[in-house]
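One structure is given below, encoded as structure tokens.
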2 protein chains.
Amino acid sequence: MPDADVNKLKDVKELDGPLADRVYDAVKSAILRLDFLPGETIRKSSVCTHLGLSRSPVSDALSRLSGEGLVDIYPQSGSRVSRLSVAAIHEDSFLREALEVAAVRHATEHVTDAMLDALDRNIGVQLEMVEEMDDDTFIATDTAFHEIIMQSTNVSRLWPTVRAVSQNVDRARRLLLPEEGRLAETVAEHSEIVAAIRNRDVAAAEEAMRRHVRELPARLVPLAEAYPDLFSS
Amino acid sequence: MPDADVNKLKDVKELDGPLADRVYDAVKSAILRLDFLPGETIRKSSVCTHLGLSRSPVSDALSRLSGEGLVDIYPQSGSRVSRLSVAAIHEDSFLREALEVAAVRHATEHVTDAMLDALDRNIGVQLEMVEEMDDDTFIATDTAFHEIIMQSTNVSRLWPTVRAVSQNVDRARRLLLPEEGRLAETVAEHSEIVAAIRNRDVAAAEEAMRRHVRELPARLVPLAEAYPDLFSS
DNA sequence: TTCTGTCAACTAACATGTCAGTTGAAAAAT
DNA sequence: ATTTTTCAACTGACATGTTAGTTGACAGAA
């Protein structure tokens, strides 16, 4: 198994705060962006020399990432980016579904004009760009859509929690991106959700969100076959 | 603000695995059991000398706990057990509700005799002990009840995730324990949930679980007034 | 060829040394 | 008496030294 390319780590010198936190952010971002691929070895020493610092903050960062399940540490042996797993992603999708459905339920029960405006604007952007969107922009606007709904609940820990349980889902989604036509489908699903919210139809909103969230795990098996190296046994 | 009493840390020498992991478990358990009270200072040096080891594994453990929000680290100054907050516990309850409701929904849609047997047996134990239960036993059987439902979904990450988002809720629950009559009420609520599951009545099961989970945040404000030191501003 | 035992190189874990930022109490000024 | 300043002690952050466990290449036996 190859080593992770430390050159893809975004630099750390220009920020402030504890070094360990910055290393944590840099490595986490690299993993979620698939710059560090699942299964690749993370050489602490390479990270240290590349970023120009000692082992302490790097170890601290990897230890935390290990707690989140993004890194597997094999004592006295090595550290690797955790592999994807069909079973684990199904489980994460279950958790994500529970939280997204609860959020859209709450949002529908407490609609405001500001919320609907923000959702309409977001979908407007998605429609404009449907033909010419690059991967990062697509992910950003899709993410923003869900974030608007989460924020509207005023449960500040909801969004971070969804992100936390969706980390493997997010990595898988990045692999799925190139699929033809999926983009327009996504926008349509988003529109359905907004329509249900606007109608104050809780059941419809929950069902639309459920269908939307279940799209990814449904496409998972062919993905695992296409990228066997990135998935565990 | 007083220091946390390191004597309450369970010893670490008799287990195996990395020292840092054992320290992590010991400190986390002390915090969740309220042996380390919210707001108390955790002196790394005390922990080190008490457990007889160096600063590395202790720092690693506290760093991870800081990531989970159980410990606040003030750089160059000190580390403290994070305080409770009414707002944060309400948010955690929202997340917990979302997951518990999704779990009971799934459980009700996939009932098995084994599951119902396990639930009946659990409630049997609770009924027997309702008069003479100590705090730890009560928490253990209550926890076991919810665990049975979670396990039945075969979503292995569900239970750990619920535990993760319920950490502050759990600490608050320990403060609420002494309240008279709450024990019998809890058993009644559990029984209602089981009855709904047995009837394959998804909507009733969801509603019973929702009511049950919402009991704690409803009792929160007087709690915060009773223990102002343990709550943040 | 295939299996097995050996061992050197590499890794994370842990210990320890050093430093800079924070703090709170004493000292000084008002 | 009250506020301000000073400063020594303490803390976590980080660097570095050391150790023990793991691994994979290689030599030798079958």
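The chains referred to below are lettered A, B, ... by the order of the sequence lines, with proteins before strands, and numbering in each begins at 1.
- Within the structure, the salt bridge (charged side-chain N to carboxylate O under 4.0 Å, His left out) test picks out no pair touching residues 4-20 of chain B (sequence neighbours left out).
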Please evaluate residues B/D60 and A/S63 with respect to the criterion side chain to side chain donor-acceptor pair (under 3.5 Å), reporting the C-alpha separation (whole Å), side-chain torsions for both, the decisive distance (0.1 Å), and the verdict. CA-CA 7 Å; B/D60 189 281; A/S63 173; 2.9 Å; yes

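- For B/A30, the side chain to side chain contact (heavy atoms under 4.5 Å, CB included) criterion is met by B/L9, B/D35, B/F36, not counting sequence neighbours.
- Listed by chain and residue number, nothing satisfies the side-chain hydrogen bond (donor to acceptor under 3.5 Å, both in side chains) test with A/E40 (two or more places apart in sequence, or in another chain).
- Every side chain to side chain contact (heavy atoms under 4.5 Å, CB included) that A/S54 has, sequence neighbours left out, goes to A/S56, A/P57.
- In this structure, B/I73 places its CD1 atom 18 Å from C1' of C/dT23, rounding to the nearest Å.
- With sequence neighbours excluded, no residue forms a salt bridge (Lys or Arg N to Asp or Glu O under 4.0 Å) with B/R80.
- In the helix from C/dT1-D/dA30 to C/dT30-D/dA1, the terminal helix axes, each the rotation mapping four pairs' C1' atoms onto the next four within five end pairs, subtend 10°, rounded to 10°.
- Looking at B/T161, its side chain does come within 3.5 Å of a backbone N or O of B/R157 through a donor-acceptor pair.
- The ring pair (Phe, Tyr, Trp, His ring centres under 6.0 Å) analysis of residues 69-105 of chain B, with sequence neighbours excluded, yields the pairs A/H106-B/F94.
- A salt bridge is absent between A/R64 and B/E68: the closest approach of a Lys/Arg side-chain nitrogen to an acidic carboxylate oxygen does not fall below 4.0 angstrom.
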What protein N or O atoms touch nucleotides 20-22 of chain D N or O atoms at under 3.5 angstrom, if any, and at what distances?
from, atom 1, to, atom 2, distance (Å)
D/dG21, N2, A/Q76, O, 2.9

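- Rounded to whole Å, the distance from CZ on A/R80 to C1' on C/dA12 is 14 Å.
- Using a 4.0 Å cutoff on non-hydrogen atoms, the parts of residues 15-27 of chain B near DNA chain C are B/P18, B/L19, B/A20, ordered by number.
- The stretch residues 43-67 of chain A comes close to DNA chain D through A/L53, A/S54, A/R55, A/S56, A/P57, each having a heavy atom under 4.0 Å from the strand.
- As rounded to whole Å, 14 Å separates atom C1' of D/dG12 from atom CG of B/D72.
- The side chain of A/S79 places an N or O atom within less than 4.0 Å of a non-bridging phosphate oxygen (OP1 or OP2) of C/dA12.
- A donor-acceptor contact shorter than 3.5 Å links the side chain of B/R22 to the backbone of B/V12.
- Nearest-nucleotide positions on DNA chain D place B/I42 closer to the 5' end than the other of B/I42 and A/Y74.
- Considering only residues two or more places apart in sequence or on other chains, B/R43 meets the side chain to side chain contact (heavy atoms under 4.5 Å, CB included) condition with B/D3, B/T41, B/S45, B/S46.
- Remark: A/R219 engages A/E179, A/E185, A/E215 in a side-chain hydrogen bond (donor to acceptor under 3.5 Å, both in side chains) (not counting sequence neighbours).
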Is there a side chain to side chain donor-acceptor pair (under 3.5 Å) between B/H190 and B/D142? Walk through the geometry before answering. CA-CA 9 Å; B/H190 286 173; B/D142 185 22; 3.0 Å; yes

